Amino acid sequence: MAKLDLSRRSFLKASVIAGVSVYVAPLGGKAFAALFEEKLLTPVKWSGKDGKAQFRIDGIAKVTGSKVFARDARARDMPHWPDQQSHAFILRATRADRSYEGFDLTLLGDELQPDRIVTAEDLARDGVKFPAFYGEDMLLPKGKTPAYLGHAVAILIYHEFAKFRFAKDTLKFHDEVIRYGAVTGPLERDPWGTFRFVRVGGTTPFDDDVFSSLKNAPVFPNMMRKHQPVWPDGQEHGKLGEQGMFYAGKIQDELDHPPADWLVFDREYHTQSIDTAALEPDNANCWYDAANQALHMIVPSQGPLEVVESATELINGAKARFPVKQLFVHPCFTVGYGSKDHYNVPFYGLVCALYGDGKPVRLAFDRYEHFQTSIKRHAFKMHYRIAVDKKTGLMQAFKGDFEANGGGRANFSPSVAMVGATAAQSVYYFPKNDFAAVAIASRAIDAGSARGYGTLQSMAATEMAVDEIAEKLGMDPIDFRLKNVLKSGMKNTQGAIPAGAIRADEVMEKAKVHPIWANRAKKKADFDTKNPGQRYGVGFACVQKDFGTGAESSFAKVEIGEDGTISLFHTGNEIGTGMSTSQALAVAKWLGFPAGDAHFGVTDWADLPVVTSGNPYLMSQAEQNKVSANPRWSPAYASPASATNSAFYYTHSTREAARVVFMHGLWPAAMAIWGQGIGGGQAGPLVVRVEDARWVDGKLSAGGLQALPFEQLVKKAHELGLVTGATVHVFNRWRWSEADFDIAGKPVRLPIDGLSLKYGSGAKPADKAKAATRGGYHVLDRKKVYIPDVQMNNAAVTYYSAVGTLVELAVHEASGKVEVLNHHSIMECGSQLSPQLVSGQLQGGVAMGIGHALHEFLPLYEDGPGNGTWNFNRYHVPRAKDVVVWKQTGEVLPPVTETDPPKGIAEVVMIPVVGAIVNGIAHAIGHRFTDLPVTPEKIQEVLA
Amino acid sequence: MSIANKPLSLTINGKAVGPLLVPEGLMMIDFLHEYVALTGSRLGCGQGVCRACVAILDNPDGTSEEIRTCITGAHFFQGKKIRTVEAHAKRNDKGEVVELSPIQQAFLEHYSFQCGYCTPGFVNAATVLVEKLKRQPVDKDKVEETITDALNDHICRCTGYVRYYEAVKEVVMNTPGLVKGGKA
Ligand code: FES
Ligand code: FES
């Protein structure tokens, strides 16, 4: 009994995946308007003068408490859904060392029994399985040992809210509901992934490498023995892996038998598992409409396309029992810091709907459940050996062993372990390195792409190490860092040369003269005398963080209507970082104004068909060459939103689309106006170059010509049938794919791999005929494409931004409490798209870093969140008083030139403060902690 | 156990609501979300720690206070008056926002929030603070401390609080009558 006939509505069809039509788009109507972000975005208020937004595009909806989160949506808000909302919760095993043998709901009495119970038997009978990425046993069958703490065993569905509420409250903390059998011990499994990066540089950092991952190859184990990797034997002229192990052996030898003037530093660091503590707990609200064979999903997700693909995979496996012809996905605003990217809750929500007896079912975790299941930041164990030449103060070799605890499901653990290892060099140059990383499987909760992504773990440790090494050498810690800093053109530990100017040295120079650093000795003496029982310390750390995944892709479409409205459509989704605002602003570089009409999380790209196949990380060069002959092919379709990909990667597609509209629409329109009249009009006597074009107060001028208002240009461009809209697809594997196109008969090379054009209303009939897509676009066939070689995959990371943080703190001797007194950060982020958003990210990141260093901790196993008893009463998320709200400061290095691309900073900003706090504690009390977080108990132990 | 319903009447955002049959023992946040479709009071912890769920309780004596709807039973509000985040902005007949409250406007202009999940709690807490300062102005040199004490219990994971606090300070300093001891 739908209130609205879907077939008549203007849903946009995204695509047909394996026989299922997928729709991701808003309906009209008020309740829908409340749900979908597109209606919640108000045009950016824009100051033409300083180019700053006056407030966020999504601001009004958020500040008035509108329904913007998936969590806010109920069935009655959906015009085409039945009104009645059902509710579900999940029973979970809280032991992972014995077999699961069912459950007992007698506690619920007669009145609170669920309307429907779903177990593994139902799923097996009906062919319902997790999408492959998520592994097996979506619900654990009886007789098996849970793979991890909190493994789901059954879903209870209620059609009445009050019953659901009281039943859930009744069972909360009652582990005895679950029955167990024989003790089996926890499952033992092979690691989720292992990697080894060996590099021996040439004579200077600028010479060719003797051996490196990029030049040769990373090393992979031959096999696993007792769940441990077995590495190849070293052979100087053997296979690539054997060669790598030969050099690894030499590095080991040198560290074991160092020359007399080397210091070999040896430490083990531990960093904890944390919850990203996204304030919106995980949830989904889904409806399976059997009569119409339609499935509807409201989900918070950082990657709606992944949800679409995985949901399609799931329903295709179950189509005999639950046929689905149409899939409607409604992605919402969300925040996750990585924890809502490739997480499994949307699929549990989907399964609830399949068994919801035709009713929409809401699965909304409370905070205990969120802690119990949400994607965690990996705990790391790191063994560092670093050799330094005592005479020169230059670091010589770095051997690192990294163990990331990936928990019960693979998720992104292999890649997090790899990224952690490749980031360990932080901002320094090492002539030789051997990094071995393993992501282990354990009974802990799954860890995944949490903000920091392995780099927080390894770089914070490196910053603690270099600080201690400097002390051992009797050097100033910043001087020691400067001596070893990686400079532009030097290679990273994989043998790749980072893109663009490396500016960590500038960050350090600034820190060195900052009063917090320069006056620290005197201030400590004064403070300690004046404040008996407290000890003052100053710490510094500086890191640079890669951003991106090595297979970043996105779509963007920019259009100018006849009335001058600039519309932007983008695959990226808002995840709280202000991405929607910054992208709307990014078009202004080319079009003079931000997009007033902006749409994110768009999945309908019928106006630019792109296909993809294979795995962008693993495919061979031959395969890539072959498939890229198809002008529609790209190595990847669209990347999920992360905190840092919007600034750099999303802006690229947005701006390239805007640039095409400018170069082939507004600019020729301007030339036509300037060229009117005898002798080429006012442009006749002048040399007019597009490089001289400037937007000033909404008008375009170039080299002394009359400034033309935007509206006039738009009108002309439409009149002449010039390009008024462009859809682009882009791909980046540490370099952008480029392609040659013919636009209006002229060859152009652009840093994109797919392009379609819309022509103004006055377009010639021939052009109009070509514009055959649903949105009226002319899809161009690229003439030639230049996709970065697959070899670039071995480079691992080549885009960096740098941040340094100084921390002043006091250690309270009696309580062991560390009080952060002040902090100052210096960052380099290219050109800022929105200074308010950048400083907001800095402040938020530093707070999260303070939490990691001092407060946040989750035991991995039985006492940890898998047992369902964790909440904010015992997991301390930093409050205002913990982060020095009123005094903290930050500064941003000016871009080298205004053409610097904006860089992602959301992750890097949280990292240096971690090292700086630990180094500051060492300055305060003379003890170097290697185990995070540094709690009052640990300090009391040391001071006792 | 059995579910016992009881009638509940109260005033929410200036409108009389009820009597509605509401189970005894149901928390106010569930009542707001599931019985009257007001979802702006957000569930963060459900145990009274994070303050994402706070509403404003307006007392008969003209004072008001923050109240945590996740740990306060719905029936506690029988006959009482509350405001939720949905109360503050002025709307036209179509339900569109035509004017924000000064605190909301300041949060917007300062880019105070990111994801916005915690925002309703901060809006309510800051509103209560401003209203309290109208009755009891604070010394100019105590403004920062006063704001910190009023808002410190509110958790925000995204922002590091700075832009929230600066926005509240601006409102406090620029609203006549909230600050003593010299001009703002
Ligand atoms: S949800 Fe009520 S205080 Fe956290
Ligand atoms: S803005 Fe996201 S929790 Fe505060």
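Protein chains get the first letters and strands the later ones, always in sequence-line order, with residue 1 at the start of each. Model, not experiment: these values are computed from the prediction.
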What part of [X] gets within 4.5 angstrom of chain A, counting heavy atoms only: side chain, backbone, both, or neither?
X: B/Thr119; value: side chain
X: B/Ala37; value: both
X: B/Val97; value: side chain
X: B/Tyr164; value: neither
X: B/Phe107; value: side chain
X: B/Arg51; value: neither
X: B/Asp153; value: backbone
X: B/Leu151; value: neither
X: B/Leu100; value: side chain

Proximity breakdown for [X] and chain B, heavy-atom pairs closer than 4.5 Å:
X: A/Phe371; answer: neither
X: A/Val883; answer: side chain
X: A/His876; answer: neither
X: A/Gln888; answer: side chain

Pick from [options]: which one has the most heavy-atom pairs with chain B under 4.5 Å?
options: A/Pro281, A/Gly65, A/Ala278, A/Ala847; result: A/Gly65
options: A/Asp882, A/Asn873, A/Ile850, A/Val884; result: A/Asn873
options: A/Gly851, A/Ala364, A/Gly840, A/Ala162; result: A/Gly840

What distance do [X] atom [atom1] and [Y] atom [atom2] have between them, rounded to the nearest 0.5 Å?
X: A/Arg879; Y: B/Cys156; atom1: CZ; atom2: SG; result: 11.5 Å
X: A/Asp72; Y: B/Leu43; atom1: CG; atom2: CG; result: 11.0 Å
X: B/Asp30; Y: A/Phe164; atom1: CG; atom2: CZ; result: 8.0 Å

Which one, [options], leads in non-hydrogen pairs under 4.5 Å with chain A?
options: B/Thr159, B/Val85, B/Asn152; result: B/Asn152
options: B/Gly160, B/Gly48, B/Gly46, B/Cys45; result: B/Cys45
options: B/Thr39, B/Thr148, B/Leu26; result: B/Thr39

**Study point:** N-O pairing of B/Asp149 and A/Lys881 below 4.0 Å
**Key:** yes
Review point. Should the pair A/Arg74-B/Glu34 be classified as a salt bridge under the 4.0 Å nitrogen-to-oxygen rule?
Key: yes
Would you check if the side chain of [X] reaches a backbone N or O of [Y] as a donor-acceptor pair within less than 3.5 Å?
X: A/Glu280; Y: B/Tyr117; result: no
X: A/Lys62; Y: B/Leu108; result: no
X: B/Gln104; Y: A/Val63; result: yes
X: B/Tyr161; Y: A/Pro878; result: yes

For the residue pair [X] and [Y], establish whether any side-chain heavy-atom pair is separated by less than 4.5 Å.
X: A/Thr64; Y: B/Glu86; value: no
X: A/Gln843; Y: B/Arg163; value: yes
X: B/Glu144; Y: A/Val885; value: no

Minimum heavy-atom separation for [X] to [Y], with atom names?
X: A/Phe69; Y: B/Cys115; result: CZ-O, 3.2 Å
X: B/Tyr165; Y: A/Trp886; result: O-CH2, 3.4 Å
X: A/Phe872; Y: B/Cys50; result: CD1-CB, 4.0 Å

Exercise for review: Please indicate whether B/Lys81 has more than 12 foreign heavy atoms, meaning atoms of other residues, nucleotides or ligands, lying under 6.0 Å from its NZ.
Suggested key: no
Exercise for review: Flag yes if more than 12 heavy atoms outside B/Lys132 fall under 6.0 Å of its NZ atom; otherwise flag no.
Suggested key: no
Review point. Does the pair A/Leu279 and B/Arg42 meet the rule for a side-chain contact (heavy atoms from CB on, under 4.5 Å), with working shown?
Key: CA-CA 9 Å; A/Leu279 222 53; B/Arg42 301 252 162 69; over 6 Å; no
